[in-house]
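Worksheet: one structure, shown below.
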Amino acid sequence: MSTSQVDLTGPVIAVKDLGIEFYRSRRRRMQLREMLFHGRSGAPRETFWALRNISFEIQAGEAVGLVGGNGGGKSTLLKMLAGVLLPDEGEVTVNGGVAPLIELTGGFVGELTARDNIYLTAGLHGLSKEQVDEHFDDIVEFAGPEVRSGLDTPYRHFSSGMKVRLGFAVITTLDEPIILVDEVLAVGDRKFREKCYQRMEDLLVEGRTLFLVSHSEPDLRRFSTRGLYLQRGALMMDGPMDDVLDRYNHDLDATR
Ligand SMILES: Nc1ncnc2c1ncn2[C@@H]1O[C@H](COP(=O)(O)OP(=O)(O)OP(=O)(O)O)[C@@H](O)[C@H]1O
């Protein structure tokens, strides 16, 4: 949370010629043949670019929605902004702390209790024990009674909905200027989702920068003014959210 060191004049996020290459997982198809004919190493592994030639800049306070078909590279891009994955090509510069809600287990340790995970995650984002003590009741209150009664059980025993409740409550309590939210909110029940939406609106009013991955058009229109459209690892469009959704829907209709 070293916001004092943040350069307030430039973009909060600058992505330049970004590329990341993955190994294609062929484990299932190879398994039987490998056992019969090959050594454990099997055939040479194929790679592919999950993202390539991606460039954009985000200014403080922008609300950006990521759209695109399954496997287009949206979650991978969020992980790169969170610093969980590093680029093979190009650069990602993030000017300020990032609070990521990416994947259900992201950042939380399965063996630790929910209580310990709150202290650990908040601590990793720069909060002292006293600061977490101060926020602890608010976090648990927001997460709801199921989470409260499970505070001293290992996180891995939590249901998907409880994991999201705890995760959202923690990351939105952190004082980070950039918030990343992956599809995870879809897991929560309707009442909790509405509570999350209200908090996201509050964070935007406070001037935070939001990145949202969603397949829900109403959510994208509600929270994002700008859209990035990723298709098979390429940035197809960067523009106003409504225009980006029009283009995406047009492409979807054309491929039906
Ligand atoms: N760690 C990894 N190793 C290998 N391939 C990966 C890895 N993570 C993601 N991929 C692959 O990279 C591509 C992009 O995946 P990603 O999860 O970023 O897509 P997405 O746009 O978020 O998709 P969805 O809308 O289905 O959630 C997919 O082909 C996916 O299978």
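Atom set for the values below is all heavy atoms of this structure, side chains included, hydrogens, waters and symmetry mates excluded. Keep in mind it's a predicted model, so treat the numbers as computed, not measured. Start at 1 and go down the list; that is how both ligands and their atoms are numbered.
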So I13 and V15, side chain to side chain contact (heavy atoms under 4.5 Å, CB included) or not? Walk me through it. CA-CA 7 Å; I13 296 172; V15 170; 4.0 Å; yes
Which of the atoms in ligand 1, numbered in the order shown and given with their element, are less than 4.0 Å from a heavy-atom of [X]?
X	value
T76	14 (C), 15 (O), 16 (P), 18 (O)
Y23	4 (C)
N70	23 (O), 24 (P), 25 (O), 26 (O)
H215	25 (O)
F48	5 (N), 11 (C), 12 (O), 29 (O)

Less than 3.5 Å between some nitrogen or oxygen of K74 and one of ligand 1, yes or no? yes
For ligand 1 and F22, I'd like to know whether there is a polar contact (N/O to N/O, distance under 3.5 Å). no
Sub-4.0 Å protein heavy atom near atom 30 (C) of ligand 1: no
Please indicate, with yes or no, if any protein heavy atom is found under 4.0 Å from atom 12 (O) of ligand 1? yes
Which heavy atom of D17 sits nearest a heavy atom of S55, and at what distance? N-OG, 2.9 Å
Minimal non-hydrogen separation, I171 against L101, with atom names: CD1-CB, 3.7 Å
Does CD in E141 sit with more than 12 non-hydrogen atoms of other residues, nucleotides or ligands closer than 6.0 Å? no
Does CZ in R232 sit with more than 12 non-hydrogen atoms of other residues, nucleotides or ligands closer than 6.0 Å? no
Would you kindly check if the NZ (Lys) or CZ (Arg) of R165 is within the cone defined by 45 degrees around the ring axis of F142 and under 6.0 Å from the six-membered ring centre? no
For atom 27 (O) of ligand 1, which of G68, A50, G69, S75 has the closest heavy atom? S75
Protein contact to atom 14 (C) of ligand 1 [nearest heavy atom, distance to 0.1 Å]: G71 O, 3.3 Å
In terms of hydrophobic clustering (I, L, V, M, F, W, Y; side-chain heavy atoms under 4.5 Å; direct or indirect links), are L252 and M241 co-clustered? yes
Check for me whether the distance between the ring centres of F108 and F158 falls short of 6.0 Å. no
